[in-house]
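Worksheet: the structure to be examined is printed underneath.
Heavy-atom basis, side chains included; hydrogens, waters and symmetry copies ignored. Remember, it's a predicted structure, so these values are computed and weren't measured experimentally. Letters go in sequence order (proteins before strands), and every chain restarts at 1.
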Protein chains: 2
Amino acid sequence: MENTPTQIASQIRSMGFRMTPQRMEILAILSQSEHLTPTQIHAQLVCKVPGFTEPTLYRTLDFLCKNGFVQATHVGNGKMQYELTDSMHHHTVCKECGQRKLISSEIMQEIYDRFETETGFKLMEHHLTLNGLCPDCK
Amino acid sequence: MENTPTQIASQIRSMGFRMTPQRMEILAILSQSEHLTPTQIHAQLVCKVPGFTEPTLYRTLDFLCKNGFVQATHVGNGKMQYELTDSMHHHTVCKECGQRKLISSEIMQEIYDRFETETGFKLMEHHLTLNGLCPDCK
DNA sequence: TATCTTATTGTAATAAGTTACAATAAGAAG
DNA sequence: CTTCTTATTGTAACTTATTACAATAAGATA
Ligand SMILES: [Mn+2]
Ligand SMILES: [Mn+2]
Ligand SMILES: [Zn+2]
Ligand SMILES: [Zn+2]
């Protein structure tokens, strides 16, 4: 399972959906950075495609999320952020200094495994942000 | 540390802030249910206090969160939800059937302890929602 | 290539959330 | 109780997000 815009495009088509310039533009933008808010994405869109509208942006993000090509995440502030579904990764965010740090997948995988065996629940979270205090600020 | 509206009110005063009817109304509403969106809270507010405005609602929620009396949470849809800071508790939400389930604090505490010792990060998350598949839908 | 179906887009109106600033009132002081 | 300070509220304007529906165009079919 790959995740370049072109590969996602053909997957979209093979799922019976239609591939449009609007969807392609959004995928192109998402493929170049992560943790983008709708406003940030829209700012980039209107540069390239002057008439691009908000409803299309929000609907498309929704569509891409529902079909697993994009993941929506929260990082503490109330704003949604979007990124292409990539390898599982997690962050810590320090409430004191704001520093973000990537958490190794191994640690989280072990924790997830244990959680799943103890609860019978199958986790599908691929991107979790944990808030607290970093070692320095603690 | 208690969390009834009256007790929070006196804490707010003793912290040098002012206690207002608006803050009291919001605390009263939050003390009666959990997982409330701003829109839900506002709907209740305008019934009781006809002129209650949105800026005051959002500012007050922000204020109560920053001072630890209220916690803001996400449950998968993009909407923020608010509730009085109570004992730590966590949920699973099934992507298939939508069922929500409370996760025992003991399990999470052990997992948190391990996470903290392995990363040096001090978690302050008191309310985490984990998405995936419940035992039935798995 | 031309035609057809309908998924997807844009338009227009609305709702939710934010910001800047002047008016108000909580609570301290006299 | 009255006065004073300033934290907190409401007003007004704006930005971000959502909804309903008519116009468009992707891609299937002939
Ligand atoms: Mn990330
Ligand atoms: Mn909860
Ligand atoms: Zn820190
Ligand atoms: Zn289920």
Suppose we screen for salt bridge (Lys or Arg N to Asp or Glu O under 4.0 Å). Which residues come up paired with Glu116(A), at least two apart in sequence or across chains?
none

Using distance only, find each side-chain donor-acceptor pair of residues 18-26 of chain A under 3.5 Å and give its atom names and separation, not counting sequence neighbours.
from, atom 1, to, atom 2, distance (Å)
Thr20(A), OG1, Arg23(A), N, 3.1
Arg23(A), NH1, Arg18(A), O, 2.7

Anything under 3.5 Å between a donor and an acceptor, one on a side chain of residues 43-55 of chain A, the other on a protein residue two or more places apart or in another chain? List them.
from, atom 1, to, atom 2, distance (Å)
Thr53(A), OG1, Thr56(A), OG1, 3.2

Got a donor-acceptor contact below 3.5 angstrom from the Ser31(A) side chain to the Thr4(A) backbone?
no

Closest heavy-atom pair, Leu84(A) versus Gln71(A), reported as atoms and distance to 0.1 Å, is O-NE2, 3.9 Å

Quick one: closest heavy-atom pair of Thr85(A) and Asn3(A), and the distance?
O-ND2, 3.2 Å

Between the two end axes of the helix from dT1(C)-dA30(D) to dG30(C)-dC1(D), each built from 5 base pairs, what angle do you get to the nearest 10°?
20°

Reading 5' to 3' through nucleotides 7-18 of chain C, protein heavy-atom contacts under 4.0 Å coded B for base, S for sugar-phosphate only, - for none:
BSBBBB---SSB

Inter- and intrachain pairs under salt bridge (charged side-chain N to carboxylate O under 4.0 Å, His left out), touching residues 62-79 of chain A, at least two apart
Asp62(A)-Lys66(A)

